[in-house]
Every structure is written in C-alpha cells, then in structure tokens.
K.L.:
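Take this structure, written in structure tokens, and hold onto it; I'll ask about it next.
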Number of protein chains: 2
Amino acid sequence: MPGRKTTSTFTRNEQCIINCNLTYAVHILSGRWKLLILDKLKQRQMRFSELKKEFSYISERMLTLQLQAMEEDGLLKRTVYPEVPPRVEYELTEMAIELTPILDHLSQWAEKNRKK
Amino acid sequence: MPGRKTTSTFTRNEQCIINCNLTYAVHILSGRWKLLILDKLKQRQMRFSELKKEFSYISERMLTLQLQAMEEDGLLKRTVYPEVPPRVEYELTEMAIELTPILDHLSQWAEKNRKK
DNA sequence: TGTGCTACTATAAAATTTGTAAGTAATGCC
DNA sequence: GGCATTACTTACAAATTTTATAGTAGCACA
C-alpha cells in the first residue's frame, strides 16, 4: 500500500548531524582511514604513492576517496606537480594541525578507559 | 555482530582500527546518534521514553541500537526497574564524563574551523 | 473482555560505505 | 610501436548501517 518515499530520511537526518558542531567534527573524521592518514601526515607531507605503500592494506580506491573527502572538508592540502608521471603531495592544513592535540587527548582517554 | 564472516577484508581491516586507541575512540563514537545522546545525558539521567520523545526523528530501533552499543562500550549505565510498565534509566559512566571536556574542545574546533 | 502503557524484538528494505578488479591519460624510454 | 610509471577513475559487488513497520510481555484499569 505505501508508495516509495520521495525523500530519504537518511539524508534529512544527516542535516541534524551537520548542524551541530560536535557531530559535524566526528562526522568528517569518521571515514575508516582518515585518522590513520592524518596521523601519518603529522610527520611530513607525502605523495599518493608513499601513502599507498605505507597503508598497503587500504585499497587504492579507498585511499583516493578518503583523501578527497578530507581535502573537501579542509583537513588536507593537495598539491599537484605538472610532471609525467604525475606527482601529488598531501599535507595537513592549519585546521588539521590545530586538531592534533585534541586527538591526542582522545587517544589518551581511550587508552585509559577502554575495556581490555 | 552475528553472522559475520571473520575472513572478510572488512572485518580484518576493522582490527587495524580497534588496535589503535585513537581510531578506537572515534569508532565507538561514530554511531549516528551517539554524540547527541551523550550530550543530552550530560545534563541528567533519562529513561528510554524521555530520550525517544527528545529525539523524535530517531527511529525507536536506532535509539535502542545506539544505547546498547554505548552500554557495551562502557559509555552508559543502564538501570532496569522491575515495574509494569517497565522503566529503564540511562546515565553516563565515569568514562563518559571524562570524555566530555574533550568533546567540548572538538566542538569548539569545529565551530572555529568548519567551512561555512 | 478489552485497551493502554513501556521498552524493547523481529523482519525486511533502503541507503551508504567499503572492497575488487580493471582501465585511463600523458609522457619518456627502448 | 610497445612498455613503464603515477594518480587516479569507472564499473561492479560485498558488507554494513540506518530506516520502516509490526509485534511482544506483563500488568493496570475500565
């Protein structure tokens, strides 16, 4: 009897999350590999192939998707060098650098409290 | 997590995440409604029906799932009163209370840096 | 007898995320 | 021409998360 919904509750509800600063923050960090990438780039900027080698268990597609999302959200700066073969460097933005001490606290919290 | 193929890449990769304290922390906070629930319970303990009323846009099932996961991860304490109709109260654990200042920082970070 | 209440369960469908495999452009080198 | 390289892209499939809908127990109350 009921027809197909023309609007997705999933998408509508996403707005609730994006409107709140806290849920927004966790939202843009929630991709499966984003924090590991962030942590790696804390040390130095790296090119795509270096990250790929570092995280050999992450599929190339996923690496691309996560990097794109992070760039879109202002966490990473992407620099393309017009060479052949291409070279692309990724580095943290100021915004991401400001985030790192908070993530350190989170990490400490988890270490102290998580169930073994 | 019943009926999960433990040999899948998805599951194998999940171990990488759970092994790291930081990714673990974000992992247990990543459910769609967990942070909103956490934020609400910061004020006072609440019963299921109160949360349900507060978050009218969250399906009852989702509310249950998120609460169960948070209890499982040690973020919430669940108290059942043997009455009819049943009464169940949810409140933050010490672990969750320790988390709140970190989440405040995260929220401030997002407010300052997010793209408008 | 029947209805209402609360805090869930059960089942299925919708939507998204993640993974696999293959292909692309542009150039240099043989 | 054929091959190699890099940073992707595309098509497809698998797995998970989220939403929708209905149903349950146990007792009070009419």
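Reminder, nothing fancy here: chain letters follow the sequence lines and each chain counts from 1.
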K.L.:
Judged by each residue's nearest nucleotide on DNA chain D, which is more toward the 5′ side, Phe48(A) or His27(B)?
P.N.:
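Of the two residues, Phe48(A) wins.
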
K.L.:
Taking the side chain of Pro85(A) as heavy atoms from C-beta outward, which of dT6(D), dT9(D), dC8(C) is closest to it?
P.N.:
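Within the option list, the nearest is dT6(D).
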
K.L.:
Could you check how far CD of Glu60(A) sits from P of dT24(C), rounded to whole Å?
P.N.:
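Whole-Å distance recorded here is 15 Å.
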
K.L.:
Taking OP1 and OP2 of dC8(D), is either one under 4.0 Å from a side-chain nitrogen or oxygen of Arg87(A)?
P.N.:
no

K.L.:
Rounded to whole angstroms, how far apart are CE on Met62(B) and C1' on dC8(C)?
P.N.:
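Between C1' of dC8(C) and CE of Met62(B): 14 Å.
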
K.L.:
Can you tell me the distance, in whole Å, between the CZ atom of Phe55(B) and the P atom of dT19(D)?
P.N.:
13 Å

K.L.:
Does a side-chain N or O of Ser30(A) approach OP1 or OP2 of dT17(C) to a distance below 4.0 Å, or not?
P.N.:
no

K.L.:
Any side-chain N or O of Asn13(B) under 4.0 Å from OP1/OP2 of dG19(C)?
P.N.:
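Looking at the OP1 and OP2 atoms of dG19(C), one of them is under 4.0 Å from a side-chain N or O of Asn13(B).
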
K.L.:
Rounded to whole angstrom units, what separation is found between the CD1 atom of Ile58(B) and the C1' atom of dC8(C)?
P.N.:
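That distance rounds to 16 Å.
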
K.L.:
Within this structure, what is the CZ-to-P distance between Arg61(B) and dC8(C), rounded to whole angstrom?
P.N.:
14 Å

K.L.:
Got a donor-acceptor pair under 3.5 Å from the side chain of Glu83(B) to the base of dC27(D)?
P.N.:
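Absent.
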
K.L.:
Using a cut-off of less than 4.0 Å, is there contact between a side-chain N or O of Gln66(A) and OP1 or OP2 of dT18(C)?
P.N.:
yes

K.L.:
Provide the closest heavy-atom pair for Met46(B) versus Lys40(B) in the form atom of the first, atom of the second, distance.
P.N.:
SD-CG, 3.8 Å

K.L.:
Expressed as a whole number of angstroms, how long is the span from Met46(B):CE to dA7(C):P?
P.N.:
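Going from Met46(B) (CE) to dA7(C) (P), I get 11 Å.
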
K.L.:
Both conditions, 6.0 Å and 45 degrees, for the charged tip of Arg12(B) above the ring of Tyr57(A): are they met here?
P.N.:
no

K.L.:
Would you mind telling me which of dT18(C), dC8(C), dT18(D) lies closest to the side-chain atoms of Phe10(A)?
P.N.:
dT18(D)

K.L.:
Could you tell me whether the side chain of Thr93(A) and the main chain of Gly74(A) form a donor-acceptor pair under 3.5 Å?
P.N.:
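Looks like yes, one N/O pair under 3.5 Å.
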
K.L.:
If the cut-off is 4.0 Å, is Tyr90(B) near the phosphate of dC8(C), judged by side-chain N/O to OP1 or OP2?
P.N.:
yes

K.L.:
So, does Trp33(A) get its side chain near the phosphate of dG19(C), meaning an N or O under 4.0 Å from OP1 or OP2?
P.N.:
yes

K.L.:
Between Thr9(B) and dT18(C), does any side-chain N or O lie under 4.0 Å from OP1 or OP2?
P.N.:
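For dT18(C), OP1/OP2 do not have a side-chain N/O of Thr9(B) under 4.0 Å.
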
K.L.:
Is the phosphate of dT19(D) approached by Arg32(B) (side-chain N or O, under 4.0 Å from OP1 or OP2)?
P.N.:
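Yes, such a contact exists.
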
K.L.:
Asn19(A) side chain to Gln15(A) main-chain N or O, any donor-acceptor pair under 3.5 Å?
P.N.:
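Yes; at least one donor-acceptor contact below 3.5 Å.
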
K.L.:
May I ask you to verify if any side-chain N or O of Ser49(B) is less than 4.0 angstrom from the OP1 or OP2 atom of dA7(C)?
P.N.:
yes

K.L.:
Rounded to whole angstroms, how far apart are CG on Leu65(A) and C1' on dT20(C)?
P.N.:
13 Å

K.L.:
Where the side chain of Thr64(B) is concerned, which of dT9(D), dT16(D), dC8(C) is the nearest nucleotide?
P.N.:
dC8(C)

K.L.:
Does a side-chain N or O of Arg47(B) approach OP1 or OP2 of dA7(C) to a distance below 4.0 Å, or not?
P.N.:
yes

K.L.:
Would you say a side-chain N or O of Tyr57(B) is under 4.0 Å from OP1 or OP2 of dT18(D)?
P.N.:
no

K.L.:
May I have the distance from Leu67(B) (atom CG) to dT18(D) (atom P), rounded to whole angstrom?
P.N.:
13 Å

K.L.:
Report the relative orientation of the aromatic rings in His105(B) and His105(A); use parallel for angles under 30°, tilted for 30 to 60°, perpendicular for over 60°.
P.N.:
parallel

K.L.:
Tell me, do Leu103(A) and Lys42(A) make a side-chain contact under 4.5 Å, heavy atoms counted?
P.N.:
no

K.L.:
Please confirm whether the shortest side-chain N or O distance from Gln68(B) to OP1 or OP2 of dC8(C) is below 4.0 Å.
P.N.:
no

